[in-house]
Amino acid sequence: MSLKQKVAIVGADETDRIGIIPDATPIMLHAEAARNALRDAGIEKSEVDAVLTCGISGMASTQLCEYLGIIPKYTDSTMTGGSSFEIHVEHAAAAINAGLCSVALITHGETGHSGRMRRGPRGGFFDPTLPAMQFEVPFGVGGAPSAYCMAAMRHMHQYGTTSEQLAEIAVATRKWAQLNPRAMMRDDLTIEDVLSSRWIAYPFHVYDCCLVTDAGGAVVVVGAERARDFKKKPVWVLGSGEASTHQSLLGMDDITTTPARYSGKAAFEMAGVTHDDIDVVEVYDSFTYTALVTLEELGFCAKGEGGPFVSGQRTAPGGDFPMNTNGGGLSYTHPGMYGMFILIEAVRQLRGECGARQVPDARLALVNGTGGTLSATGTLILGAD
Amino acid sequence: MAACGGASHKVTLVMSDYAKPLPSPSPDTQPFWDACKRHELSLPYCRACARFFFYPRRFCPRCFSWDIDWRACSGRGTLYTFAIQYRPQVPGFTPPYVTAIVQLEEGPRLLTNLVGIEPSPETIRCDMPVEVTWEDATDEITLPLFRPAP
Ligand SMILES: [Zn+2]
């Protein structure tokens with residue numbers, strides 16, 4: 001039994017403000033994004049009977065349902081970092097298709113910028129005997145930049161990927177941001193600028209790294225039979241897949257891979273489309289490297305050829321491979337678990353709502369979230385009528 | 001730091017002048033840390049697979065056999081990958097410092113620090129030979145670090 005075209009996304013929106021929001025907490029952003037996404041769909045809160053979320057607390061969906069005043073039939077607090085929300089869409093599709101619920105609300109909200117100093121280590125859940133606390137943190141590996149850079153280094157060594165090729169992604173993504181008035185970083189950026197910028201963690205320059213912002217987003221998913229009853233045209237979930245291969249980099253046999261090879265394959269098989277059919281690609285760019293390696297793992301190019309693939313500003317506006325069209329985590333916004341925002345951008349592209357950055361005739365979009373240390377991915381293939 | 005989430009064993013925090021975070025050994029990892037204290041690199045070995053694995057568990061994550069023993073390793077390997085951290089990613093670390101994943105000749109990989117070399121993109125190369133060196137952080141904890149091998 002396939003979930004192909006069994007559900008559609010009928011509402012998608014972000015918080016009113018994104019970027020730096022000093023006067024908000026994460027759960028406030030969840031609520032505001034939920035209001036905006038429901039308004040986008042024309043659905044009342046009272047119709048929501050499923051809530052999928054994470055990142056608020058250990059019992060995220062229970063906490064949010066109380067806060068919003070929802071008594072759900074179905075909840076899911078699956079937490080796979082930045083890929084959580086792609087995976088929530090798949091889980092919502094399964095639950096709706098099984099008859100467990102009919103209107104699923106998926107929410108995100110984080111104050112990665114303003115709330116940083118108030119957040120406890122590891123989100124408040126913290127066991128000092130966890131593997132990472134014994135075998136990584138004592139050696140100075142903590143946040144994402146300190147881990148992803150080591151994966152990138154091996155990729156550069158093994159396949160000859162260069163800093164210039166990584167910079168191609170930073171520059172192309174900035175060009176998309178320049179077409180998006182809500183993007184945080186809109187100044188001109190050249191490959192030379194990237195290469196001459198300071199190191200965060202060699203081989204990553206500062207422009208290889210995503211922003212740290214405040215933002216929230218939400219989407220609303222309903223079953224196929226109701227999909228055409230709402231304000232906006234439905235965006236169909238045609239294919240989905242999820243996978244995780246490890247938590248720590250030490251759990252990877254080959255550090256130059258990601259589980260997108262599994263989640264992507266599942267999504268393509270379900271959707272029954274090929275890579276050439278995809279009109280627009282939205283992949284998590286926590287770092288330039290994350291986007292590059294994800295394109296390889298999804299099969300858009302051969303393993304190790306991500307560098308040549310993205311060269312010549314191929315992913316920029318006007319290039320033949322439109323990618324990260326909102327300006328990405330690199331230049332648009334990145335509150336921590338950015339996967340919600342690639343999902344929202346794909347919906348907007350398929351609805352034709354993107355103005356200056358609209359990809360002409362976008363009918364099929366691929367979304368790939370990546371969470372943890374390249375640990376867990378969720379891939380969606382979305383389509384417009 | 002405090003344990004939560006129903007940890008069933010007592011967590012002892014070691015206080016000292018050492019400024020970086022220290023590991024809190026758990027029952028399944030204690031033999032590894034005990035050996036480090038003796039300046040021995042000892043890793044869990046699955047008798048069913050005839051293979052080492054890391055990090056320590058009471059079973060083999062590959063075949064799920066619980067027939068495990070601990071065997072000494074040479075402390076030699078190669079630099080699978082590395083990064084030069086220019087920002088203090090963990091409190092107590094003074095940048096620049098080199099984080100590394102070492103491929104041990106016995107098979108497993110360790111995440112560690114590369115020391116005894118200038119932290120520079122010009123000097124450090126993937127696959128260079130490395131060997132273990134020991135940092136006695138406290139009376140209780142010794143960390144396995146690595147340095148270039150001759
Ligand atoms: Zn085994």
Side-chain angles (χ1 to χ4, degrees), chain A residues 58 120-161 163 197-206 208-209 246-256 287 289 373, chain B residues 1-7 9 11-13 20-29 32-33 54-57 61 79-101 108-113 119-121 124-127 135 137 141 143-145:
Chain A
R122 305 257 154 163
F125 283 82
F126 180 65
D127 173 355
T129 67
L130 281 172
M133 300 308 296
Q134 293 195 55
F135 300 110
E136 296 187 16
V137 173
F139 303 99
V141 172
S146 61
Y148 279 69
C149 54
M150 290 194 284
M153 187 69 240
R154 184 69 199 183
H155 197 280
M156 295 168 89
H157 175 76
Q158 204 160 306
Y159 297 112
T161 306
S163 295
S197 67
R198 64 193 164 90
W199 297 115
I200 296 295
Y202 172 83
F204 287 162
H205 293 92
V206 65
D208 288 305
C209 303
H246 60 280
Q247 175 73 43
S248 156
L249 293 179
L250 285 179
M252 305 176 78
D253 287 336
D254 180 349
I255 202 174
T256 68
F287 303 94
Y289 171 73
T373 46
Chain B
M1 298 199 294
C4 64
H9 60 277
V11 173
T12 309
L13 294 175
K20 302 178 219 174
L22 287 165
S24 297
S26 46
D28 50 355
T29 67
F32 173 81
W33 294 112
F54 195 80
Y55 48 87
R57 290 93 147 160
L79 187 65
Y80 179 61
T81 191
F82 71 98
I84 305 172
Q85 308 290 343
Y86 287 91
R87 290 179 26 159
Q89 297 286 348
V90 169
F93 280 81
T94 306
Y97 62 96
V98 182
T99 55
I101 296 178
R109 295 182 193 141
L110 301 187
L111 199 156
T112 182
N113 297 125
S120 157
I124 307 172
R125 287 284 175 275
C126 288
D127 293 338
E135 178 170 20
I141 294 291
L143 297 171
L145 308 185

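Here the structure is a predicted model, which means the values were calculated and not measured. Residue numbers start from 1 in every chain, and the chains themselves are labelled A, B, ... in the order their sequence lines are given, proteins ahead of strands.
Using a 4.5 Å heavy-atom cutoff, the side chains of B:Arg87 and A:Pro145 are not in contact. Looking only at side-chain heavy atoms (C-beta outward), B:Pro23 and A:Phe139 stay at 4.5 Å or farther from each other. B:Ile84 places none of its side-chain heavy atoms less than 4.5 Å from the side chain of A:Trp199.
Contact annotation for B:Leu145: only side-chain heavy atoms (C-beta onward) come within less than 4.5 Å of a heavy atom of chain A. Neither the backbone nor the side chain of B:Pro91 comes within contact range of chain A; no heavy atom of the residue lies under 4.5 Å from a heavy atom of that chain.
Between B:Phe32 and A:Phe135, the ring-plane angle classifies as perpendicular under the 30° and 60° cut-offs.
Distance alone, capped at 3.5 Å, places no donor-acceptor pair between the B:Tyr55 side chain and the A:Gln134 backbone. Side chain of B:Arg109 to backbone of A:Met252: a donor-acceptor contact under 3.5 angstrom is found.
Between B:Gln85 and A:Ala201, the closest heavy-atom pair is OE1-CB, 3.3 Å. Taking both residues in full, the closest heavy atoms of B:Gln89 and A:Gly140 are given as CB-O, 3.8 Å, listed atom of the first, atom of the second, then distance. Across all non-hydrogen atoms, the minimal contact from A:Pro138 to B:Asn113 is O-OD1, 4.5 Å.
Atom CZ of B:Phe93 is separated from atom OG of A:Ser146 by 10.0 Å, given to the nearest 0.5 angstrom. With values rounded to the nearest 0.5 angstrom, B:Thr81 atom OG1 is found 11.5 Å from A:His155 atom NE2. One finds the CD atom of A:Gln158 at 5.5 Å from the OH atom of B:Tyr80 (value rounded to the nearest 0.5 Å). Rounding to the nearest 0.5 Å places CZ of B:Phe82 at 4.0 Å from CE of A:Met153.
Interface remark: of the candidates B:Leu143, B:Asp127, B:Ile101, B:Asp127 forms the most heavy-atom pairs closer than 4.5 Å to chain A.
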